[in-house]
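What follows is a single structure, written as structure tokens, with notes after it.
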Amino acid sequence: MRGARLIRVEARRPDLRFPFPDGFVQRLTGARIDVLERRAKYLLARLDRGDTLVMHLGMTGRFEIEGAEVSRRPGEFHYAAPADPKHAHVVFETEAGHRVTYFDPRRFGYMDLIATDGMARHPWFAALGPEPLGEDFNATHLAKALAGRRQSIKVMLLDQRIVAGLGNIYVSEALHRARISPLLAAGEIRPAPLKALVEAVRAVLAEAIEAGGSTLRDYAGADGALGYFQHRFRVYDHEDEPCGRAGCRGVIQRTVQAGRSTFYCDTCQR
DNA sequence: CCCACGACCTGTGGGC
DNA sequence: TGCCCACAGGTCGTGG
């Protein structure tokens with residue numbers, strides 16, 4: 001979509017999680033996408049008209065790309081999964097003849113158009129923490145952000161103001177790798193474990209990206225490829241199974257924190 | 001300010 | 001086999 005001009009845009013219902021903004025279709029039709037990027041869990045398409053199309057997949061959102069130039073060569077798109085017309089909510093067609101469709105059975109995703117020059121002040125972006133794979137996410141930043149916080153480290157890592165982009169699965173996985181209990185008060189973790197945590201977060205994300213993400217039910221890349229990282233979960237959804245850490249005889253526990261499942265080994269995570 | 005909880009919406013998987 | 005309930009990857013608003 002980078003560099004593509006949108007010649008037809010269709011919103012097949014008035015809303016996803018939130019209503020589409022006023023003039024959504026008109027403001028997109030005829031616009032060119034100058035830059036396609038990501039911040040935290042938001043996909044950003046910067047348009048040549050001063051607006052940015054902001055898209056969030058929620059939990060079940062998915063894009064499919066159909067192209068005029070169908071190809072089986074690596075790196076080119078050849079989506080061939082069965083269509084799911086009931087949940088095809090937004091369709092973008094480019095001048096070059098590609099169609100990009102947003103599907104979202106649960107409609108937890110959302111889209112908005114916001115002024116590009118005011119994005120930093122927009123509530124979705126103003127308070128976001130650093131990118132977990134960037135230099136600004138480090139033990140010093142974490143120590144500062146968590147100082148005095150009595151909330152559990154698990155819940156704090158899900159807070160996008162502390163670090164932007166971790167979700168429920170990867171937080172459980174990172175804490176296990178760092179051997180830190182998800183139940184610990186965030187402000188009481190010493191510098192050395194915080195450093196280990198930063199490295200664990202980076203390692204989990206890097207491996208997950210390398211494996212094409214995690215497919216639980218309906219996740220797929222825009223080319224239709226399924227992710228494989230779910231086979232490498234060490235704790236997530238492994239309740240009652242033995243802890244896989246070498247030398248650890250613990251059993252994976254499941255608990256609930258802030259309404260979300262947490263998986264951990266209460267033997268090696270302290 | 002901090003925190004817990006429910007809401008949003010639909011599909012699926014497990015238990016009976 | 002079929003039904004019902006609990007639960008699901010994320011955020012946001014409310015109320016204590």
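Just so we're on the same page: letters track the sequence lines, and every chain starts at 1.
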Which string of ( ) [ ] | and . matches DNA chain B, if you list each base 5' to 3' and count Watson-Crick or G-U pairs only when both distances are under 3.5 Å? .|||||||.|||||||
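Using a 4.0 Å cut-off between a side-chain N of Lys or Arg and a carboxylate O of Asp or Glu, A:Arg39 and A:Glu37 do not qualify as a salt bridge.
Residue A:Leu57 contributes atom CG, which lies 16 Å from atom C1' of B:dC9 at whole-angstrom precision. In this structure, A:Leu157 atom CG and C:dG9 atom C1' are separated by 16 Å, rounded to whole Å. Atom C1' of nucleotide C:dC7 and atom CD1 of A:Ile169 are separated by 14 Å, given to the nearest angstrom. At whole-Å resolution of the value, OH in A:Tyr170 and C1' in C:dG9 are 9 Å apart. Atom CZ in A:Phe108 sits roughly 10 Å away from atom P in B:dC8 (whole-Å rounding). If you take CG of A:Asp237 and P of C:dA6, they are 19 Å apart, rounded to a whole angstrom. The nearest whole Å value for the distance from the CG atom in A:Asp15 to the P atom in B:dC9 is 8 Å. Rounded to an integer number of Å, the gap from A:Asn168 CG to C:dG10 P is 6 Å.
Closest heavy-atom contact between A:Ala203 and A:Arg177: CB-NH1, 4.2 Å. Contact record, A:Leu142 with A:Leu194: CD1-CD2, 4.1 Å, taken as the closest heavy-atom pair. Nearest heavy-atom pair, A:Pro193 versus A:Ile189, reported as atom, atom and distance to 0.1 Å: CB-CG2, 3.7 Å.
A donor-acceptor contact closer than 3.5 angstrom is absent between the side chains of A:Arg46 and A:Thr116. Under 3.5 Å, the side chains of A:Thr255 and A:Tyr264 contain no donor-acceptor pair of N or O atoms.
Identified under the side chain to side chain donor-acceptor pair (under 3.5 Å) test for residues 16-26 of chain A, with sequence neighbours left out: none. Judged as a salt bridge (Lys or Arg N to Asp or Glu O under 4.0 Å), the pairs with a partner in residues 227-251 of chain A (not counting sequence neighbours) are, in order, A:Glu207-A:Arg232.
For A:Arg161, the CZ atom sits in a loose shell: 12 or fewer heavy atoms of surrounding residues, nucleotides or ligands are nearer than 6.0 Å. Atom NZ of A:Lys195 sits in a sparse spot, with 12 or fewer heavy atoms from other residues, nucleotides or ligands closer than 6.0 Å.
Only the P atoms considered, B:dC5 is 14 Å distant from C:dC7, to the nearest whole Å. Using P as the reference atom, C:dC4 and B:dC8 are 22 Å apart when rounded to the nearest Å. Nucleotides C:dG9 and B:dG14 are separated by 16 Å at their P atoms, to the nearest Å. Between B:dG11 and C:dT1, the distance separating the two P atoms is 23 Å to the nearest Å.
A:Leu44 belongs to a hydrophobic cluster whose remaining members, ordered by chain and number, are A:Phe18, A:Tyr42, A:Val54, A:Tyr110, A:Ile114, A:Met119, A:Trp124, A:Phe125, A:Leu128; membership requires side-chain heavy atoms of ILVMFWY residues under 4.5 Å apart, directly or through intermediates.
Side chain of A:Lys86 to backbone of A:Pro105: no donor-acceptor contact under 3.5 angstrom is found.
A:Phe233 comes within 4.0 angstrom of nothing in the nucleic acid, heavy atoms only.
Contact between the side-chain N/O atoms of A:Lys86 and the OP1/OP2 oxygens of B:dT10 is not found at any separation under 4.0 Å. Contact annotation: A:His87 reaches the phosphate of B:dG11 (side-chain N/O to OP1 or OP2, under 4.0 Å). The side chain of A:Ser261 contributes an N or O atom lying less than 4.0 Å from OP1 or OP2 of C:dA8.
Counting only heavy atoms from C-beta on, A:Arg254 has its side chain closest to C:dC7 among B:dC8, C:dG9, C:dC7.
Ring geometry for A:Phe20 versus A:Phe24: interplanar angle under 30°, hence parallel rather than tilted (30 to 60°).
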Do nucleotides 11-16 of chain C as a string where each nucleotide becomes B, S or -: B if the base has a protein heavy atom under 4.0 Å, S if just the sugar-phosphate does, - if no protein is that close. BS----
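One can find a donor-acceptor pair under 3.5 Å joining the base of B:dC9 and the side-chain atoms of A:Arg106.
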Sort me out a list of protein N/O and nucleotides 1-5 of chain B N/O pairs below 3.5 Å, or just none if empty.
| unit_1 | atom_1 | unit_2 | atom_2 | d |
| --- | --- | --- | --- | --- |
| B:dC3 | OP1 | A:Gln151 | N | 3.0 |
| B:dC3 | OP2 | A:Arg149 | NH2 | 3.0 |
| B:dA4 | OP2 | A:Gln151 | OE1 | 3.1 |
| B:dA4 | OP2 | A:Gln151 | NE2 | 3.0 |

